[in-house]
Amino acid sequence: MMGIPELFFYFFTIMVIGIGLFVAFSKNLLRSAFALFFVLFGIAGFYVLLGGDFLAVVQIMVYAGGVNVLLIFGTMLTSDISSPKTSNLSFQGALTFIAGLTFLILLVVIINTTHWPMHVPGEMAPTTKDIGRLLLKEYVLPFEVISFLLLAAIISSLVLVKKGD
Amino acid sequence: MGLTGFLTVSAVLFTLGLVIFISRKNTIAILMGVELMLNAAALNFVAFARFTPSQASQLDGQIFAVFIILLAAAEAVVALAIALSVYKNLHQIGADKLASLKG
């Protein structure tokens, strides 16, 4: 008898891997971009199963709401999306597929033969308060560095797409 | 759905991202591959934080995942700005066509 979390785990697994395959092998770039939305959503579901409620919401807001919209926007602005002949070509597909499959088999064998130091997972608790405390205490230097990096990304993207010279 | 289950899903996602990254011609599709790989890495961090937490704090892996998401957002913004600017100048963004630097 499977519990509800197992059921959701298999549901999200099928969703993420199936739609991920569609992202990887679709001929239309715009369809790939829209399908990526559901992959990112499924990963947010995995975060919920792993007890990361704050992280799941951040994933949906930043990835599904921000990055993926930017990707769709960039797709529409740059490529000739209506014709599949030029939209989302790939080259050396068979070789890439074989290489990817070999790499995947290697990874799965390593994952299944390694002895992981498992602990029994504790109770799930809300994490937002603890993440905020950690960010402003133990991890305050990476926090400041990454806020500076975000500022640099804003300015550099504005400079890159500036009109004129 | 133990640790190995999550790690296997993450390995599949990473491989899909890698396949996209090395086989696509469109620069934006390559960016999608990078996003998938970063997501797989973040999923690994969260899974390890749940099943093998560090002594100091249960949430170290989740903090890492937050940083990965932020870095991916910044990277996507800059890469898209570069793609738009390349498209404005050269009218194409195929990774195999952008060979101006080749002597």
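Just so it is clear, the model here is predicted, and its values are computed rather than measured. Labels below follow one simple rule: chain letters A, B, ... track the order of the sequence lines, proteins then strands, and each chain is numbered from 1.
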* Asked: Among Leu49(A), Leu101(A), Asp130(A), Leu70(A), which residue forms the greatest number of heavy-atom pairs with chain B at distances under 4.5 Å?
  -> Leu70(A)
* To do: Answer whether the closest heavy-atom distance between the side chains of Val77(B) and Val67(A) falls below 4.5 Å.
  => no
* Asked: Picking from Gly61(B), Gly2(B), Ala11(B), which has the most non-hydrogen pairs under 4.5 angstrom with chain A?
  -> Ala11(B)
* **Ile69(B) CD1 to Met61(A) CE distance, which is reported to the nearest 0.5 Å** => 10.0 Å
* **Largest heavy-atom contact set with chain B, pairs under 4.5 Å, which of Ile17(A), Val16(A), Thr13(A)** => Ile17(A)
* Structure fact -> Taken to the nearest 0.5 Å, the spacing of Ile146(A) CD1 from Leu70(B) CG works out to 5.0 Å
* Contacting region of Ala49(B) [heavy-atom separation from chain A under 4.5 Å] -> neither
* Most contacts with chain A, counted as non-hydrogen pairs under 4.5 angstrom, among Leu36(B), Leu43(B), Ile22(B), Leu84(B) -> Leu43(B)
* For the atom pair CG (Leu55(A)) and CZ (Phe45(B)), what is the distance rounded to the nearest 0.5 Å? -> 12.0 Å
* To do: Using the rule that two of Ile, Leu, Val, Met, Phe, Trp, Tyr join whenever any of their side-chain heavy atoms come within less than 4.5 Å, decide whether Ile98(A) and Ile105(A) are in one cluster.
  => no
* Structure fact -> Between the CD1 atom in Ile111(A) and the CG atom in Leu7(B), the distance rounded to the nearest 0.5 Å is 5.0 Å
* Indicate whether the side chain of Gln59(A) and that of Asn39(B) have a donor and an acceptor atom separated by less than 3.5 Å. => yes
* Asked: Quick one: what part of Tyr63(A) sits under 4.5 Å from any heavy atom of chain B, side chain, backbone, both or neither?
  -> side chain
* Option in Ile131(A), Leu149(A), Val108(A) with maximal non-hydrogen atom pairs under 4.5 Å from chain B -> Ile131(A)
* Non-hydrogen atoms of chain B under 4.5 Å away: do they reach the side chain of Ile154(A), the backbone, both or neither? -> neither
* Asked: Are Gln62(B) and Tyr47(A) linked by a side-chain donor-acceptor pair shorter than 3.5 Å?
  -> no
* **Partner chain B: residue of Leu95(A), Asn112(A), Leu135(A) with the largest heavy-atom pair count (under 4.5 Å)** => Leu135(A)
* Asked: Among Phe46(A), Phe25(A), Tyr10(A), Phe9(A), which has the most heavy-atom pairs under 4.5 Å with chain B?
  -> Phe9(A)
* **Contact winner vs chain A - Thr8(B), Leu18(B), Val19(B), heavy-atom pairs under 4.5 Å** => Val19(B)
* To do: Begin with the C-alpha distance, continue with both residues' side-chain angles, and end with the deciding distance and a verdict on side chain to side chain contact (heavy atoms under 4.5 Å, CB included) for Glu138(A) and Ile63(B).
  => CA-CA 11 Å; Glu138(A) 278 92 339; Ile63(B) 299 272; over 6 Å; no
* **Phe54(A) portion near chain B, given a 4.5 angstrom heavy-atom threshold** => side chain
* Would Phe143(A) and Phe67(B) count as a close aromatic pair, with their ring centres under 6.0 Å? -> no
* Among Leu71(A), Val58(A), Val62(A), who wins on heavy-atom pairs under 4.5 Å with chain B? -> Leu71(A)
* **Proximal component of Ala152(A), with respect to chain B [non-hydrogen, under 4.5 Å]** => neither
* Could you state the interatomic distance from CZ (Phe51(B)) to CH2 (Trp116(A)), rounded to the nearest 0.5 Å? -> 12.5 Å
* To do: With a 4.5 Å cut-off on heavy-atom pairs, point out which of Gly33(B), Ala76(B), Ala79(B), Ala47(B) contacts chain A the most.
  => Ala47(B)
* Interface moiety of Leu50(A) toward chain B, non-hydrogen atoms closer than 4.5 Å -> both
* Spacing of CZ belonging to Phe14(B) relative to CZ belonging to Phe103(A), to within rounding of 0.5 Å -> 5.0 Å
* **Phe73(A) and Leu80(B): CA distance, side-chain angles, deciding distance, side chain to side chain contact (heavy atoms under 4.5 Å, CB included) verdict** => CA-CA 9 Å; Phe73(A) 186 63; Leu80(B) 272 178; over 6 Å; no
* Per-residue contact mode, Leu107(A) against chain B (heavy atom under 4.5 angstrom) -> side chain
* Which one of Ile82(B), Thr27(B), Val46(B) has the most heavy-atom pairs closer than 4.5 Å to chain A? -> Val46(B)
* Against chain B, label Thr127(A) side chain, backbone, both or neither, depending on which of its atoms sit under 4.5 Å from a heavy atom there. => both
